[in-house]
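The block underneath contains the structure these notes are about, expressed in C-alpha cells.
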Amino acid sequence: MAGSAESDRPYVELFVPALTNVSWSTEIVGQTLEALFVCLRPDGAHRLRPIHAPALRLGWRPDLQPADVILGAVRRYGLRPLLLHSTSWRFEGARVFLTYVAAVAPPDELDQYLVDEPVRRSDLARGDAMGGTPEIGLAQVVEHAFRHLSWLVKDDAAVREALSDWVGFLEAYEPEPFRAFGPGLPT
C-alpha cells in the first residue's frame, strides 16, 4: 500500500469501532453458572437442589473452565457425577446464567444442604424469532435439558455410555429439534 492515502494514516484508524461504548465496569452484564443436579431413581428423575434456593448459582472466575466449577460443586455435595453438560443460557435481571445439567448417581445419603424433589414435565418457554422469552422457569430449563439429553443419548456415544441407565427414561422426552416433524422418525 505504499504511496496510497491509506498508508499515510495511523494503523489504528483501520480498526472497526467498538460494539459498545460502555467501559468495563459494573454496568456490564455479569455471568453466573447455574448447576442443576439430577439423578434417576426407580420412580423417575429427581432434582437435588440447595435447601436455600431453587438452584445452585456459582461465581465463575475467568481462569477456570465452567465445567470444572460445576464439577467442584458436585463433589462438594458428595455426589458422584455421571455427566456434565451445558444445556442452556438465559438472561435474568442483570445477569446471564449459563446452566449445566449435572447427572449424578443417586446418593446413598443426601447432603444435609440438599433437597430431593421429583422432576415434573413442563412446557418449554417460547420466545419470538428475534428475542428471548420474557420469563423462563427452572422446570422449563430442566425440561429443555432432558429433551436435549434425549437427543444426545441417541447421537453421542460418550453421552449414551455415561447415561446408559437413563436411556429408557429419556425416551419419554422428544428431542426438541424433531418434535415439529411428528412421530415415526428414524433413529
Handout entry: Candidate pair Arg41 and Asp43, rule salt bridge (charged side-chain N to carboxylate O under 4.0 Å, His left out), full reasoning
Key = CA-CA 5 Å; Arg41 297 193 184 281; Asp43 66 336; 5.8 Å; no
Handout entry: Pairwise side-chain contact, Arg120 with Pro118, heavy-atom cut-off 4.5 Å (strictly under)
Key = yes
Practice task
Scan Val153, Leu149, Leu82 and name whichever one has a side-chain contact (heavy atoms from CB on, under 4.5 Å) with Trp166.
Solution key: Leu82
Handout entry: Geometric cation-pi criterion, Arg57 with Phe97: 6.0 Å, 45°
Key = yes
Completion exercise
In this structure, CZ of Arg49 is separated from CG of Asp116 (nearest 0.5 Å) by 10.5 Å
Problem - Candidate pair Tyr173 and Trp151, rule side chain to side chain contact (heavy atoms under 4.5 Å, CB included), full reasoning - result: CA-CA 9 Å; Tyr173 288 83; Trp151 170 54; over 6 Å; no
Practice task
Please confirm whether the backbone N or O of Leu58 pairs with a side-chain atom of Thr32, one donor and one acceptor, at under 3.5 Å?
Solution key: no
Practice task
Carefully, step by step, assess Asp111 and Arg76 under the rule side chain to side chain contact (heavy atoms under 4.5 Å, CB included).
Solution key: CA-CA 9 Å; Asp111 183 283; Arg76 154 57 186 89; 3.6 Å; yes
Handout entry: Check: Leu48 and Glu117 side chains under 4.5 Å, non-hydrogen atoms
Key = no
Handout entry: Minimum side-chain heavy-atom gap His148-Thr87 below 4.5 Å
Key = yes
Completion exercise
Rounded to the nearest 0.5 Å, the CD1 atom of Ile70 sits from the CD atom of Gln65 at a distance of 12.0 Å
Problem - Close side-chain approach of Val38 and Val101, heavy atoms under 4.5 Å - result: yes
Exercise for the section: Could you tell me whether Glu161 atom CD has more than 12 heavy atoms of other residues or ligands within 6.0 Å of it? Expected result: no
Problem - Spatial distance of atom OH (Tyr77) from atom OH (Tyr113) [nearest 0.5 Å] - result: 9.5 Å
Completion exercise
To the nearest 0.5 Å, atom CD of Glu171 lies from atom NZ of Lys154 at 6.5 Å
Practice task
Step by step, work out the side chain to side chain contact (heavy atoms under 4.5 Å, CB included) result for Leu163 and Leu152.
Solution key: CA-CA 10 Å; Leu163 297 181; Leu152 289 175; over 6 Å; no
Handout entry: Heavy-atom pair of closest approach, residues Ala158 and Asp156
Key = N-OD1, 2.9 Å
Problem - Flag side-chain contact, heavy atom, 4.5 Å: Leu114 against Leu79 - result: yes
Fill in the blank from the handout: For Ala67 and Tyr100 the tightest heavy-atom approach is N-OH, 3.8 Å
Problem - For the student: nearest non-hydrogen atoms of Asp155 and Arg160, plus distance - result: N-NH1, 4.0 Å
Problem - Nearest-0.5 Å distance, CG of residue Asp165 to SG of residue Cys39 - result: 12.0 Å
Problem - Expected output: side-chain Arg147 to main-chain Val142 donor-acceptor under 3.5 Å - result: no
Practice task
Taking the side chain as every heavy atom from C-beta outward, state whether Pro50 and His52 have any pair of such atoms under 4.5 Å apart.
Solution key: yes
Practice task
Would you give the length of the straight line joining atom CG of Leu71 to atom CG of Leu64, rounded to the nearest 0.5 angstrom?
Solution key: 11.5 Å
Problem - Considering all heavy atoms, the nearest Leu56-Ala73 contact - result: CD2-CB, 3.8 Å
Exercise for the section: Indicate the atoms forming the closest heavy-atom contact of Ala55 with Glu34, along with that distance. Expected result: CB-OE2, 3.6 Å
